[in-house]
Amino acid sequence: MKPVRLAMIGTGMMGQRAHLDQYISWPDCDIVALAEPRAQLAQKVAARYGIKHVFSNHQDLLANVEVDGLICIQPYAHHLKLLPDLYAAGKPIMTEKPLALSVEAGEELVSLARKHQVTHMMGYHKRSDPAMIYAKQQIDEWKTDQSCGKMTYLRVTMPPGDWAWDGFASTLTSQEDYPQVSLEQAADLSGLTDEQAKAYDSFVNYYIHQINAIRHLLGEDYRITYTDKAGHLLAGESESGVTVVLEMAPWNNSVAWQESYLVCFEKATVSVNLPAPLASQQPG
């Protein structure tokens, strides 16, 4: 079986550490092209990872290289401007979380992806941790056989901490200016003050993993029924009546990473503790 031919759209810190470092190590994966407007950085990355074709933009890459899929590691607020071009190429796409900054932009992109029949995967890597996979299997088993009664409660505690764990130490950089890109702005969302827009953007960036993980472990939709003004707590209820709690910042860590999940049934619990996002080869 031939390796899957992939192209990288962007090679910043996350593109290198959370993606390229992994794909290069897989024998069934071949990174054949790179699009990066910072010419010096592009050449450094291409040399380190043995990438043959280098372009300054995604349009030239798509026009000149045949690939099986696209890895597009960009700020999510850039997705609304960038992804329509990539969808039109008809290739499966991987991006970081989330799909977009606003619900409206997300719905627009979903519609375009469906129009072009493109599969788009987002990097909600919490779902892929071995501990989360095991927990999900156990939760689904108990929900099916009812051996431990009904699911009653799901709590996530996510205090801010050292998420990188020196994960950027070996990242290639250059002195070139960051490219000028068109970003979706939270300040443009209806009804938000500038202060609220800033807080909203920060929340989407930081806590979207936990918002998604709650949905994953529940296996059903949920709605938020309460938020505190201090920004420490979200509470809600799932479609079947499970109480959901996200403790966002009950304390702060200077070094440690203390992300934990507690899923309660009437007669049993499942508990998961996850490592820092860029802690290499450290499962929960």
Side-chain angles (χ1 to χ4, degrees), residues 6-15 17-20 22-23 35 58-59 61-62 67-129 132 136 156 158 163 179 181-192 196-224 234 236 238-239 244 246 248 277-278:
L6 298 177
M8 292 290 301
I9 311 295
T11 55
M13 291 188 294
M14 289 301 292
R17 288 293 293 116
H19 295 272
L20 259 176
Q22 310 303 317
Y23 306 147
H58 64 279
Q59 294 95 336
L61 185 153
L62 293 171
V67 297
D68 301 312
L70 303 170
I71 312 298
C72 177
I73 308 306
Q74 300 281 328
Y76 53 83
H78 190 205
H79 287 172
L80 184 61
K81 178 69 174 180
L82 176 61
L83 290 183
D85 286 352
L86 304 187
Y87 289 157
K91 304 294 183 181
I93 297 173
M94 165 74 172
T95 68
E96 273 293 349
K97 51 71 187 172
L99 178 57
L101 180 61
S102 68
V103 173
E104 293 77 12
E107 290 175 340
E108 181 179 338
L109 290 173
V110 168
S111 178
L112 279 172
R114 287 174 174 165
K115 175 183 176 181
H116 293 288
Q117 298 183 319
V118 167
T119 297
H120 180 174
M121 179 180 179
M122 276 163 282
Y124 287 112
H125 70 271
K126 308 292 181 182
R127 295 183 175 214
S128 301
D129 187 283
M132 289 288 274
K136 174 63 173 171
V156 180
M158 185 59 238
W163 66 277
V181 295
S182 178
L183 299 177
E184 188 185 358
Q185 300 293 324
D188 295 335
L189 301 180
S190 177
L192 294 185
Q196 289 171 335
K198 183 178 179 181
Y200 170 78
D201 199 345
S202 177
F203 172 84
V204 170
N205 181 45
Y206 201 81
Y207 291 106
I208 200 68
H209 274 300
Q210 290 70 45
I211 292 292
N212 179 267
I214 290 171
R215 171 65 176 78
H216 177 58
L217 294 177
L218 283 171
E220 61 189 39
D221 289 335
Y222 65 99
R223 62 188 180 91
I224 300 302
L234 274 174
S238 77
E239 289 182 339
V244 172
L246 171 58
M248 292 174 283
L278 290 188

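What's counted below: heavy atoms across the whole structure, side chains too, no hydrogens, waters or symmetry copies. Please read these numbers as outputs of a predicted model, since none were measured by experiment.
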State the [atom1]-[atom2] distance between [X] and [Y], to the nearest 0.5 angstrom.
| X | Y | atom1 | atom2 | value |
| --- | --- | --- | --- | --- |
| Leu217 | Asn212 | CG | CG | 9.5 Å |
| Asp85 | Gln59 | CG | CD | 5.5 Å |
| Leu86 | Leu112 | CG | CG | 11.5 Å |
| Lys126 | Met132 | NZ | CE | 8.0 Å |
| Arg127 | Asp129 | CZ | CG | 13.5 Å |
| Tyr207 | Leu246 | OH | CG | 7.0 Å |

List the atom of [X], the atom of [Y], and the distance in Å for their closest heavy-atom pair.
| X | Y | value |
| --- | --- | --- |
| Ala100 | Ala105 | CB-CB, 3.7 Å |
| Met8 | Gly15 | CE-O, 3.8 Å |
| Glu220 | Ser238 | OE2-OG, 2.5 Å |
| Leu192 | Ala186 | CD1-O, 3.9 Å |

Below 4.5 Å, heavy atoms only, C-beta onward: do [X] and [Y] meet side chain to side chain?
| X | Y | answer |
| --- | --- | --- |
| Leu183 | Val181 | yes |
| Leu62 | Lys91 | no |
| Tyr206 | Met248 | no |

Which donor-acceptor pairs under 3.5 Å do side chains of residues 117-125 form with protein atoms, sequence neighbours excluded?
residue : atom : partner : partner atom : Å
His120  : ND1  : Tyr87   : OH           : 2.8
His120  : NE2  : Thr95   : OG1          : 2.8

>> Taking Ile208's backbone N and O only, do any of them form a donor-acceptor pair with Lys97's side chain (distance below 3.5 Å, no angle check)?
In response: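 Checked: no pair found.
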Using atom types as modelled, flag every donor-acceptor pair under 3.5 Å from a side chain in residues 73-83 to any protein atom, sequence neighbours excluded.
residue : atom : partner : partner atom : Å
Gln74   : OE1  : His78   : ND1          : 3.2
Gln74   : NE2  : Ile9    : O            : 3.1
Tyr76   : OH   : Asp201  : O            : 3.1
Tyr76   : OH   : Asp201  : OD1          : 2.7
Tyr76   : OH   : Asn205  : N            : 3.3
His79   : ND1  : Pro98   : O            : 3.4
His79   : ND1  : Leu99   : O            : 2.9

> After noting the C-alpha distance and the side-chain angles of His19 and Met94, does the key distance pass the side-chain contact (heavy atoms from CB on, under 4.5 Å) rule?
Replying inline: CA-CA 10 Å; His19 295 272; Met94 165 74 172; 3.7 Å; yes
> Restricting to pairs with a member in residues 99-114, which pass side chain to side chain donor-acceptor pair (under 3.5 Å), not counting sequence neighbours?
Replying inline: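 Sorted pair list: Ser102-Glu184.
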>> Assess the residue pair Val156 and Ile211 against the criterion (side-chain contact (heavy atoms from CB on, under 4.5 Å)); give the C-alpha distance rounded to whole Å, side-chain angles, the decisive distance to 0.1 Å, and a yes or no.
In response: CA-CA 9 Å; Val156 180; Ile211 292 292; over 6 Å; no
